[in-house]
Amino acid sequence: MAKSLLHMISNDIGQLACLYAKQHNLSQVYFGGFFIRGHPVTMHTITYSINFFSKGEVQALFLRHEGYLGAIGAFLKGAEEDNPNLYSWGENYAGSSGLMSTSPDVFPMQRSRSGTFDMLEMDRLERQLVNLPLLFDPSSYVPDTVDLTEDAMAREYWLTCFEDALEGVAKRAVASQPDAKDAADRAGKFQQKYWNKLQTLRHQPFAYGSLTVRSLLDTREHCLNEFNFPDPYSKVKQKENDIALKCYQKVIRSLDALGWEEKQFALVKGLLAGNVFDWGAKAVSEVLQTDPEFGFEEAKKKLQERPWLVDSYHGWIERLKGPPHKCALIFVDNSGIDIILGVFPFVRELLSRGTEVILACNSGPALNDVTFNESVIVTERIADMDTIIQSALQDERLILVQTGSSSPCLDLSRLDKGLALLVKERNTDLVIIEGMGRAIHTNYYAVLQCESLKLAVIKNSWLAERLGGKIFSVVFKYEMPPK
């Protein structure tokens, strides 16, 4: 009788909500309140009701911390009164709890906590984050390419992938702090905490709201930071930067000896080969660990031959025969060979054409991605060897900026305000996004107001097969803005 009553009331709520949504031409309804809090049966029945009465046109959404929205709002309002618009907030997944399970078999640790006890951890980001001004429609922009709450096959693959990589990440964390006696102990705690998060997501994919490759990567970075491993790849990055810098002048000389069309292809191939050097990809990290001689030329040989998996190269080369772009914004991926031998020769060519360049790098560390501070040091060292880069820096035709992010992926709706202002000021008309995290897992379908170039090497065999290719397949996606 109680269950029947619950279903009746939930269906009634669903039908009323659906009628109001149709009356006001809305496609989403948010639900909150004690009747719903922590009760999956209620949420399921309301969702079923909404789907049934709207014929799938209206979506039911539930708030994770809805019992505390007033308190959260009051805190944020009070915290920002002294310094309005100077910083932003981001959720820290290491400390935040997800939606609780009602089953003791799902995650036993949860049952020791009260069903109404909730945890929300937020990081105060010292820079204000805003939309990229070049987004075609910010209101419809979704960073993530695949929603793992809906795609069960992809969810199973990626959760297993992150589980398999966990031990290697923990070892890398310990190796990054050889003088710290407690490093192994902290790494073990990190490993256990992230493992628990992954198990929760196996049984409750919606536990933290959205579930994407980006959220899995960000959660791992948050857990590493919680146990004081802010930059496990710092020594690897320094070593790879030093090796790549020694090869820079040789690479430039070989490019300058080529004819124009041959040179353009060599620049693109170099950009792609540089992107192979990604310690976040298991297939690549295994090669880099077992073969220390694996370098830039070897990476070029690994690349798929044309035609590529996604191949807009002809459109790109035809565009280069026209007038130069005013300003190019480049979101950079990895340290070492990627930025030094891949990105910088490409930047140099753009500058030679008369195009200004904004080089955007992460504000904080993630995997072996280059950070803003590291990019400043690398650029100064390249400028000492290259007069084109040196004069562009002096004339502010080459500007280094930080994205405001510490993620291996890229959310174009949360970028540093300074970057956004610079993009407007320089009349940016070309955006280049490189790497799997920034151009495949996120932003593959992002629509911009200007020309864009999204390029990456698929360094994951499962993902490559799903896209219709093989490992080290190439995505080279040149797009014009919608008319």
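In this text, all values refer to a predicted model and were calculated from it rather than measured experimentally.
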K.L.:
Are there more than 12 heavy atoms of other residues, nucleotides or ligands under 6.0 Å from atom CZ of Phe265?
P.N.:
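Enclosed.
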K.L.:
Counting distance only, does the side-chain N/O of Thr442 pair as donor-acceptor with the main-chain N or O of Gly437 below 3.5 Å?
P.N.:
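At least one qualifying donor-acceptor pair exists.
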K.L.:
If you draw a 6.0 Å radius around CD in Gln28, do more than 12 non-hydrogen atoms from other residues or ligands fall strictly inside?
P.N.:
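For Gln28, atom CD is crowded (more than 12 foreign heavy atoms under 6.0 Å).
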K.L.:
For Lys171, is there an ion pair with Glu167 - N to carboxylate O distance below 4.0 angstrom?
P.N.:
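A salt bridge links Glu167 with Lys171.
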K.L.:
Is there side-chain contact between Leu125 and Tyr87, with heavy atoms separated by less than 4.5 Å?
P.N.:
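No, too far: nothing below the 4.5 Å cut-off.
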K.L.:
Return the minimal non-hydrogen interatomic distance between Leu135 and Leu412, and the atom names on each side.
P.N.:
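Closest heavy-atom pair between Leu135 and Leu412: CD1-O, 3.8 Å.
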K.L.:
Please round to the nearest 0.5 Å and tell me the distance separating atom CG of Asn131 and atom OH of Tyr141.
P.N.:
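These two atoms lie 9.0 Å from each other.
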K.L.:
Is the closest side-chain heavy-atom distance between Asn368 and Arg172 below 4.5 Å?
P.N.:
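No, too far: nothing below the 4.5 Å cut-off.
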K.L.:
With heavy-atom distances below 4.5 Å as the criterion, would you say the side chains of Glu226 and Phe190 are in contact?
P.N.:
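In short, these two side chains do not touch, never coming nearer than 4.5 Å.
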K.L.:
Taking Glu126 first and then Arg124, would you say they form a salt bridge - that is, a charged N and a carboxylate O separated by under 4.0 Å?
P.N.:
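Yes, charged N to carboxylate O under 4.0 Å.
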K.L.:
Which distance, rounded to the nearest 0.5 Å, do you find between the CD1 of Ile252 and the CG of Leu341?
P.N.:
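Rounded to the nearest 0.5 Å, the CD1-CG separation comes to 8.5 Å.
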K.L.:
Is the backbone of Pro133 close enough, under 3.5 Å, to the side chain of Gln449 for a donor and an acceptor to pair up by distance?
P.N.:
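Yes: the side chain of Gln449 pairs with the backbone of Pro133.
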K.L.:
Students often mix this up, so state it plainly: with edges at 30° and 60°, are the rings of Trp316 and His325 parallel, tilted or perpendicular?
P.N.:
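Because their plane-to-plane angle is under 30°, the rings of Trp316 and His325 count as parallel.
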K.L.:
Assess the residue pair Ser461 and Glu465 against the criterion (side-chain hydrogen bond (donor to acceptor under 3.5 Å, both in side chains)); give the C-alpha distance rounded to whole Å, side-chain angles, the decisive distance to 0.1 Å, and a yes or no.
P.N.:
CA-CA 6 Å; Ser461 55; Glu465 285 173 21; 5.1 Å; no
K.L.:
For Asn275, is there any backbone N or O sitting under 3.5 Å from a side-chain donor or acceptor partner on Lys459?
P.N.:
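Yes, because the side chain of Lys459 sits within donor-acceptor range (under 3.5 Å) of the backbone of Asn275.
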K.L.:
Tell me whether the count of non-hydrogen atoms from other residues, nucleotides or ligands lying under 6.0 Å of NZ in Lys55 goes above 12.
P.N.:
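For Lys55, atom NZ is not crowded (no more than 12 foreign heavy atoms under 6.0 Å).
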K.L.:
Per the salt bridge (Lys or Arg N to Asp or Glu O under 4.0 Å) rule, what does the pair list look like for residues 350-359, sequence neighbours excluded?
P.N.:
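Passing the test, one end in residues 350-359: Glu356-Arg426.
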K.L.:
Just checking, is any N or O donor in the side chain of Thr403 or Arg127 under 3.5 Å from an acceptor N or O on the other one?
P.N.:
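There is no such pair between these side chains.
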K.L.:
With side chains defined as the heavy atoms from C-beta onward, is the minimum distance between Leu120 and Glu91 less than 4.5 Å?
P.N.:
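Yes - at least one pair of side-chain heavy atoms lies under 4.5 Å apart.
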K.L.:
Looking only at side chains, do Thr149 and Asp147 share a donor and an acceptor under 3.5 Å apart?
P.N.:
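Yes, because at least one side-chain N or O of Thr149 sits under 3.5 Å from a partner of the opposite role on Asp147.
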K.L.:
Parallel under 30°, tilted from 30 to 60°, perpendicular over 60°: which one fits the rings of Trp462 and Tyr157?
P.N.:
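It falls in the parallel class, under 30°.
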K.L.:
When rounded to the nearest 0.5 angstrom, what distance separates CG in Asn443 from CG in Leu448?
P.N.:
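Answer for the CG-CG pair, Asn443 versus Leu448, is 8.0 Å.
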K.L.:
As an exercise, state the distance from CD1 of Ile471 to CD1 of Ile458, rounded to the nearest 0.5 Å.
P.N.:
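Going from the CD1 atom of Ile471 to the CD1 atom of Ile458 covers 10.0 Å.
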K.L.:
For residues Ala383 and Leu393, report the shortest heavy-atom separation together with the two atoms involved.
P.N.:
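Here Ala383 and Leu393 meet closest at CB-CD1, 3.9 Å.
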K.L.:
With a 4.5 Å heavy-atom cut-off, do Leu216 and Tyr208 have their side chains touching?
P.N.:
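Counting from C-beta outward, Leu216 and Tyr208 never come under 4.5 Å.
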K.L.:
Could you tell me the separation between the CD atom of Gln390 and the OG1 atom of Thr379, rounded to the nearest 0.5 Å?
P.N.:
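Rounded to the nearest 0.5 Å, the CD-OG1 separation comes to 12.5 Å.
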K.L.:
Specify whether His222 and Tyr93 have parallel, tilted or perpendicular ring planes, treating 30° as the upper limit for parallel and 60° as the lower limit for perpendicular.
P.N.:
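Geometry flag for Tyr93 against His222: parallel rings.
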K.L.:
When you check the gap from the basic side-chain N to the acidic O, do Asp369 and Lys237 get nearer than 4.0 Å?
P.N.:
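Here Asp369 does not pair with Lys237 in a salt bridge, since their nearest N and O are not under 4.0 Å apart.
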K.L.:
My understanding is that only one of Val357, Val332, Leu359, Ile358 makes a side-chain contact (heavy atoms from CB on, under 4.5 Å) with Leu400; could you say which?
P.N.:
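Only one option passes, and that is Leu359.
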K.L.:
Got Val423 and Val431 here, is their nearest side-chain heavy-atom distance under 4.5 Å?
P.N.:
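Not touching, per the 4.5 Å side-chain cut-off.
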K.L.:
Evaluate the side-chain proximity of Val370 to Asn241: yes if any heavy-atom separation is below 4.5 Å, no if none is.
P.N.:
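SC-SC contact between Asn241 and Val370 ruled out.
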K.L.:
Could you tell me whether a side-chain N or O of Asp429 sits under 3.5 Å from a main-chain N or O of Cys327, the two making a donor and an acceptor?
P.N.:
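Yes: the side chain of Asp429 pairs with the backbone of Cys327.
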K.L.:
Evaluate the side-chain proximity of Phe476 to Leu453: yes if any heavy-atom separation is below 4.5 Å, no if none is.
P.N.:
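In contact.
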K.L.:
So, are Glu298 and Lys301 salt-bridged, with charged N and O less than 4.0 Å apart?
P.N.:
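Salt bridge absent between Glu298 and Lys301.
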K.L.:
side-chain hydrogen bond (donor to acceptor under 3.5 Å, both in side chains) between Gln238 and Glu374: does it pass, once the steps are laid out?
P.N.:
CA-CA 9 Å; Gln238 288 171 17; Glu374 290 161 355; over 6 Å; no
K.L.:
Does Arg202 pair with Glu156 as a salt bridge, N-O distance under 4.0 Å?
P.N.:
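Salt bridge: yes.
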K.L.:
State whether the side chain of Lys300 and the backbone N or O of Lys269 hold a donor-acceptor pair below 3.5 Å, judged by distance alone.
P.N.:
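No, because the side chain of Lys300 does not come within donor-acceptor range (under 3.5 Å) of the backbone of Lys269.
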K.L.:
What's the separation between atom CG in Asn92 and atom CG in Asp218, rounded to the nearest 0.5 Å?
P.N.:
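CG of Asp218 is found 10.0 Å from CG of Asn92.
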K.L.:
Nearest heavy-atom pair of Gly404 and Ser363: which atoms, and what distance?
P.N.:
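Here Gly404 and Ser363 meet closest at N-OG, 2.8 Å.
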